[in-house]
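Chain letters run A, B, ... following the sequence lines, proteins first, then strands; residues in each count from 1.
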There are 2 protein chains.
Amino acid sequence: MTSRRPPTAQQFVLEELRRAITTGRLRPGEPIRQEVLAGELDVSRVPLREALKTLQGEGLVGHRAHRGYFVEQLSLDDLREVYLIRDLLEAEAVRRAVGRLTDAGLAAAETAQAEVERAAEAADVLAMAEANRRFHMAIFECAGLPRLVRLIRTLWDSTDAYRSVYYAEEHNRQRVIEEHRATLDLLRRRDAEGAVALLAGHRAAAVQAIESMLG
Amino acid sequence: MTSRRPPTAQQFVLEELRRAITTGRLRPGEPIRQEVLAGELDVSRVPLREALKTLQGEGLVGHRAHRGYFVEQLSLDDLREVYLIRDLLEAEAVRRAVGRLTDAGLAAAETAQAEVERAAEAADVLAMAEANRRFHMAIFECAGLPRLVRLIRTLWDSTDAYRSVYYAEEHNRQRVIEEHRATLDLLRRRDAEGAVALLAGHRAAAVQAIESMLG
DNA sequence: TATTTGGATTTTGGATCCAAAATACAGGAA
DNA sequence: TTCCTGTATTTTGGATCCAAAATCCAAATA
């Protein structure tokens, strides 16, 4: 996992910004001073502004004319809304995925799950979040609905910060692993509704745990 | 409807670009030459590029590093996928909207519907598309789920071009008016499932008509 | 004292300029 | 002829510079 530098400054800035927001180095509500941030990242303001535009599209930052960008804070209501939308979209994605599940697709999910377990053992929260994402996306990809998957991906992006919090606790990591294993079982049996229900519970557990940690 | 000029060049460019794409003046697959387009709109390339970034986020244009932007073409499969996603999201939006429907919300929808009928009578396709959008959004807004509404709005954006085609035909316009009236009836009676079903049919009719016009 | 108003400062939005990557094309070798 | 190769041109990506809007702060007024 040697993370090489992206080919364009804009993509580099985009990654750095995502990290800064999800790790909380750029705090919610806080206005983004382009000059200083550009200085820190050692780029000009132009690629920074374009990266901010894409983040605005994803809902991670907001923008007001002549006032500039600011980190969008997710209220608890927002978090619930994102998960509601995910419920709607991911249920359909999983249903379709089971219908046209390939060996390659299943293998991709299994590989990702192995990485999840390795990361969990090492208590590497960041790596676990990444592998977990690959696991779920591998399944969604099988649905053959690229736009749907893209949408789901941006929803995940907007709640990255909270998921890291969730993985910080050992018993949550264990729970995720078990639910993933059960999911793989259901997929192998082509049990669509079972998988849909299980993953709905998977999400509900996460959102509930996060709520109790913050509320 | 005196369309005043937006306060910032970037927003102006954004509107113009949307129009250019949905009306087909910028054709799908065609690469976007920033210099010439900036010249035509009489702005520099900077606000143009930022506007393109937001359109990229909405899926209207694509981008490849060092190759530039190009208009994304919606295949028929893409169109179907967008409508599938809309089915999922709008069903939930309507369900919630009926549950917490206010007099003000209903009034907003009725006002929009009056505009739809006026535009249809004048055979003003563009005005009808706009009013139609206000009608549906007025209903969705009642759900009290701003992120969901925002998502639905971007999905509408990405298929604007096709909807104009649909409204071009007289009998489609009549059909829309009747379905809207029936929808308002169901809303007044707080019949959520009825409204959900009707609007699902509303969308299915549109996508089917568009398919037959193009296929 | 509280409020408003005018200008100085900061910060964003936009234009111009420069560098680097990709494309187009001409010429030469197999 | 066809394919490769090196170079000129085009086009994008990024840096710098300028203008306009917003904020801040102090002084004047009620």
A cation-pi test, strictly: NZ or CZ of A/R80 under 6.0 Å from the centre of the six-membered ring of A/Y83 and no more than 45 degrees from its axis. Yes or no? no

Audit row: A/Q113, A/H180, side-chain hydrogen bond (donor to acceptor under 3.5 Å, both in side chains) steps and yes/no: CA-CA 7 Å; A/Q113 171 62 4; A/H180 281 198; 2.8 Å; yes

Between B/W156 and B/F140, what is the ring plane arrangement, given parallel below 30°, perpendicular above 60°, and tilted in between? perpendicular

Would you say A/E81's side chain and B/L148's backbone share a donor-acceptor pair under 3.5 angstrom? yes

Check each of A/R33, A/R49, A/K53, A/R64 against A/Y69 using the side chain to side chain donor-acceptor pair (under 3.5 Å) test, and report the only one that passes. A/K53

How does protein contact run along nucleotides 6-14 of chain C, one letter per nucleotide 5' to 3', with B for base contact, S for sugar-phosphate only, - for none, heavy atoms under 4.0 Å? -----SBBB

